[in-house]
Amino acid sequence: MTRADTRRTQGLVALASLTLSAGLLAALMLGGEPRSEAASGEAISLAVAAPIDANTDAPLSADVSLQDTAPVEPISILLDSSELLHVNDAAFTQCASCPTRIQAERTVPRGGTLAGVLDDAGVDRVQAARAIAALGTVFDLRYLRAGERINLYFETETPADGSEAVTRFDGLSFRPDVERSITVARTFDDTFRARETIAEFDREMVRASGSITASLYVDALNAGATDRVVVELAGVLAYAIDFQRSIQPGDEFDILFERFVDEEGNTARTGDILYAMYDGRGDAKEFFRYETEDGIVGYYSPDGASAQRLLMLTPVNGARLSSSFSRARRHPILGYTRRHNGTDFAAPRGTPVMAAGNGIVERANRFGSFGNYVRIRHANGYETAYAHLNGFARGIRAGSRVTQGQVIAYVGTTGRSTGPHLHYEVHHNGTPRNPMTLDLPTGRQLSEDEIPLFEAERDRIIAIRDAARPAAENETPLVADAGNGAQ
């Protein structure tokens, strides 16, 4: 039985349903008291237009071709009420070869593209190109990250004649971040259309505070902060606290930050830190977020002094201080006492090394016993040097500009070295200085006209802080997204 035969049969059943409905309506309009034939339990006579066998006056079976047959004559079929309902339902729900929908998940590989993902999944290249072109109207594919999970949708249909099943690509979907969902779907005219859906979240201010028992990271998480909040906190406090040596049990911390939740109260992501405090042995450091009229965001002490310094205290995270600045140190290789003009930080090979401040790279190459070496010129006569490096970050060369906190190289053990470590030096007007005790100038200073505006913002943040509920109270997990963890 061909697909055309199937559709013709379905059409005849639908026509019969419409004929029956019209007959019942007419009976209700012309008859006396309305009554339900189905309720009476009597059989209902249904005229169905069905093909007739000219020799037997019986309906043709389903496997007899409808082509080249005698004209169709209506016949009467007696159906009870339950059978009638089945016929009506079949007219709209039954099909000879319903399509099967298939969903497959693919992950964008390192260095891969969406075109490659679709090609590996067997999508026709023309259809893939059309889908990608549609996607480009709502999403810049340059921001498709490795590890992104893509859901692909296919439709498989087996023809009524029993021939091989046909599979076609129907579209794709993914979530580039927790707030956005991207869908590309095939339309009725065999093209593709893209749609971007943006979720709405409620903003709330919460407070994570506590004392150090294990580490700042672990204790802040226990207090309701997230990974992202702890990383930003480290950036705020990086100029005032040496995280490798200053953190001690019993120290206190306090963080006020934004949190965005969905309608069920699940945390979708976190926003800015408005206030941060760290109290180590009675020396409390407080900083408030403030955006100047020209749009520059910074953190300032209660009296308006910038938290940022010209240079970071330590240009490498997670390192151990293995050798201090000294005017007389016994050299571990040469064996005699000599001046040590820098500070050594022991760390695993490959640990990122950051630029201590904004500046221009003066050299980035091999430099005698220092091995791989970088020297950066900063403002106000300051220079920093980084030695025994394993290698340089991409784009780091003499003459290139770097920003504070930018990765410039990686810890190694090149040159005259006994093991993986960073040798770090600070020079001021050509004189070596101890990086750990250097009193560095601060970043941008607020003008006299800006101080009253800052003080008003400071007081507003204090009021919010005092009213904010604990971040760990009724804590709910972060909303999971397709491919990216929430922030």
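Only a predicted model underlies this, so the values are computations on that prediction, with no experimental measurement involved. The first residue of the sequence shown is numbered 1, and numbering continues consecutively from there.
- Listed for the Glu450 side chain is a donor-acceptor partner under 3.5 Å among the backbone atoms of Ser447.
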TODO: Would you sort out whether Glu457 and Phe288 count as a side chain to side chain contact (heavy atoms under 4.5 Å, CB included), showing the intermediate values?
DONE: CA-CA 8 Å; Glu457 177 65 6; Phe288 298 83; over 6 Å; no

TODO: Decide side chain to side chain donor-acceptor pair (under 3.5 Å) for Tyr382 and Asn429; before the verdict, give the C-alpha distance in whole Å, the side-chain angles of both, and the deciding distance to 0.1 Å.
DONE: CA-CA 6 Å; Tyr382 285 93; Asn429 295 327; over 6 Å; no

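- Judged by distance alone, with hydrogens and angles left aside, the side-chain atoms of Thr414 form a donor-acceptor pair with the main-chain N or O of Asn372 at under 3.5 Å.
- Taking the charged nitrogens against the carboxylate oxygens, Asp119 and Arg125 do have a contact shorter than 4.0 Å, which makes a salt bridge.
- Using a 4.5 Å cut-off on side-chain heavy atoms (C-beta onward), Glu258 and Leu274 make contact.
- Of the inter-residue distances, the one linking Leu141 atom CG with Thr113 atom OG1 reads 9.0 Å to the nearest 0.5 angstrom.
- With Arg228 contributing its side chain and Ala225 its backbone, the two residues share no donor-acceptor pair below 3.5 Å.
- His423 and His388 have perpendicular rings, their planes meeting at more than 60° on a 0 to 90° scale where under 30° would count as parallel.
- The environment of CD in Glu448 is sparse: at most 12 heavy-atom neighbours from other residues, nucleotides or ligands sit within 6.0 Å.
- Heavy-atom contacts from other residues, nucleotides or ligands closer than 6.0 Å to CZ of Arg363 number more than 12.
- Contact of the Ser181 side chain with the Phe174 side chain is not registered, since no non-hydrogen atoms from C-beta on lie closer than 4.5 Å.
- The shortest distance between side-chain heavy atoms of Ile396 and Val407 does not fall below 4.5 Å.
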Task: Test log, rule side chain to side chain contact (heavy atoms under 4.5 Å, CB included), inputs Ser173 and Tyr153 - done: CA-CA 8 Å; Ser173 68; Tyr153 303 94; 2.9 Å; yes

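- Looking only at atom types and distance, the side chain of Thr156 has a donor-acceptor partner in the side chain of Thr167 under 3.5 Å away.
- For the pair Met312 and Gln404, the minimum side-chain heavy-atom distance is below 4.5 Å.
- Side-chain contact check for Gln127 and Arg168: no donor-acceptor pair (N or O, by modelled atom type) lies under 3.5 Å.
- No hydrogens or angles considered: nothing links the side chains of Tyr424 and Asp344 as a donor-acceptor pair under 3.5 Å.
- There is a side-chain donor-acceptor pair under 3.5 Å between Asp219 and Thr213.
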TODO: List the steps and the verdict of side chain to side chain contact (heavy atoms under 4.5 Å, CB included) for Ile273 and Val229.
DONE: CA-CA 7 Å; Ile273 292 177; Val229 169; 4.1 Å; yes

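- Between Thr292 and Tyr290, the side chains place no donor N or O within less than 3.5 Å of an acceptor N or O (distance only, hydrogens not considered).
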- [ ] Carefully, step by step, assess Thr413 and Thr418 under the rule side chain to side chain contact (heavy atoms under 4.5 Å, CB included).
- [x] CA-CA 7 Å; Thr413 185; Thr418 58; over 6 Å; no

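- Between Arg375 and Val361 the shortest side-chain heavy-atom distance does not fall below 4.5 Å.
- The heavy-atom pair separating Pro420 from Pro348 by the smallest distance is CB-C, 4.4 Å.
- Using a 4.5 Å heavy-atom threshold, the side chains of Pro470 and Arg207 count as separate.
- The closest side-chain heavy-atom distance from Asn151 to Arg106 is not below 4.5 Å.
- Distance CG/Leu114 to CG/Leu172: 6.0 Å, rounded to 0.5 Å.
- Between Tyr373 and Phe370, the two ring planes are tilted [angle within 30° to 60°].
- Distance CZ/Phe345 to CG/Leu422: 7.0 Å, rounded to 0.5 Å.
- Side-chain N/O atoms of Asp189 and Thr191 include a donor and acceptor closer than 3.5 Å.
- Arg149 places no side-chain N or O within donor-acceptor distance of the main-chain N or O of Glu105, the cut-off being under 3.5 Å.
- Between Arg397 and Ala364, the shortest heavy-atom contact is CA-CB, 4.2 Å.
- Residues Leu256 and Ala468 come closest through the heavy atom pair CD1-CB, 3.7 Å.
- Between Val184 and Ala194 the shortest heavy-atom distance is CG2-CB, 4.0 Å.
- A cation-pi geometry, defined here as NZ or CZ lying under 6.0 Å from the six-membered ring centre and within 45° of its normal, holds between Arg465 and Tyr275.
- Asp279 has no carboxylate O lying under 4.0 Å from a charged side-chain N of Lys285, or vice versa, which leaves the two without a salt bridge.
- Atom CG of Leu311 and atom CD of Glu383 lie 11.0 Å apart (nearest 0.5 Å).
- The closest donor-acceptor contact from the side chain of Thr403 to the backbone of Gln406 lies at 3.5 Å or more, if one exists at all.
- Side-chain contact between Tyr143 and Pro176: absent, with no pair of heavy atoms (C-beta onward) separated by less than 4.5 Å.
- For Arg366, the CZ atom counts as densely surrounded, since its 6.0 Å shell holds more than 12 non-hydrogen atoms of other residues, nucleotides or ligands.
- The closest side-chain donor-acceptor pair between Thr384 and His378 falls under 3.5 angstrom.
- The ring of Tyr410 has its center no closer than 6.0 angstrom to the ring center of Phe392.
- Among all heavy-atom pairs drawn from Met354 and Gly405, the shortest one is CG-O, 3.5 Å.
- A salt bridge links Arg259 with Glu204: the closest approach of a Lys/Arg side-chain nitrogen to an acidic carboxylate oxygen falls below 4.0 angstrom.
- Between Glu362 atom CD and Arg377 atom CZ the span is 5.0 Å, to the nearest 0.5 Å.
- Using a 4.0 Å cut-off between charged side-chain N and carboxylate O, Arg175 and Asp177 make no salt bridge.
- By the 6.0 Å and 45° rule, Arg269 stacks over the aromatic ring of Phe260.
- The distance between the ring centers of Phe169 and Phe154 falls below 6.0 angstrom.
- Of all non-hydrogen atoms in Ala471 and Phe257, the two that sit nearest each other are CB-CZ, 3.9 Å.
- In this structure, CE in Met277 is found 10.0 Å from CG in Leu237, a value given to the nearest 0.5 Å.
- Listed for the Asp251 side chain is a donor-acceptor partner under 3.5 Å among the backbone atoms of Gln248.
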